[in-house]
Amino acid sequence: MLEDVPRDPFADDPNDPASELGAPDDVEPLTLAERDEALTDLADVEVFRSLLEPQGVLGLVLDCPECGEQHYFDWDLLRGNLRQMIDNGRPQVHEPAYQPDPADYVSWEYARGYVDGVIDTEESH
């Protein structure tokens with residue numbers, strides 16, 4: 001579902017730096033466990049967004065194990081990446097957020113804790 005994510009800024013560029021990753025056909029499909037995990041993550045993102053976006057949160061910040069830096073994902077990009085992972089085995093190449101304000105993003109752990117707090121509050125009433 002390529003329409004779920006922004007267009008690749010290097011699409012049709014013969015000097016695309018992602019060309020070193022190989023063609024999409026070179027990607028092995030996800031295992032059942034990986035697919036289930038990605039589906040669970042996608043469902044979590046939908047819940048996180050429904051509760052946090054009205055509070056002004058623009059998305060999630062994730063620690064990148066490859067480069068050691070934090071990456072900021074808005075809700076649509078995160079959702080699109082997970083859909084691409086589920087459908088094609090890897091996320092679509094994308095541009096990172098441009099000068100994100102860290103105050104507009106929360107970690108996965110914060111989002112999970114927020115959802116758990118909302119659920120606990122609703123259950124106690």
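When a residue number appears, it is its place in the shown sequence, counting from 1.
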Could you tabulate the donor-acceptor pairs under 3.5 Å formed by side-chain atoms of residues 107-117, not counting sequence neighbours?
residue	atom	partner	partner atom	Å
S107	OG	Y110	N	3.0
R112	NH2	D44	OD1	2.8
R112	NH2	D44	OD2	3.0

What side-chain donor-acceptor pairs closer than 3.5 Å can you find for residues 45-58, not counting sequence neighbours?
residue	atom	partner	partner atom	Å
E46	OE2	R79	NE	2.9
R49	NE	E53	OE1	3.3
R49	NE	E53	OE2	3.4
R49	NH1	D76	OD1	2.8
R49	NH2	E53	OE2	3.4
R49	NH2	D76	OD1	3.3
S50	OG	V47	O	2.8

Contacts table for residues 59-68: side-chain donor-acceptor under 3.5 angstrom, sequence neighbours left out:
residue	atom	partner	partner atom	Å
D63	OD1	Q70	NE2	3.3

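Not counting sequence neighbours, the partners of T31 by the side-chain hydrogen bond (donor to acceptor under 3.5 Å, both in side chains) test are E34. Judged as a side-chain contact (heavy atoms from CB on, under 4.5 Å), and not counting sequence neighbours, the contacts of D120 are E123.
Between R35 and I86, the shortest heavy-atom contact is NH2-CG2, 3.6 Å.
Residues V118 and E122 form a side-chain contact, since some pair of their non-hydrogen atoms from C-beta on lies under 4.5 Å apart.
For the side-chain contact (heavy atoms from CB on, under 4.5 Å) test with R83, the passing option among L78, N88, L42 is L42; the others fail.
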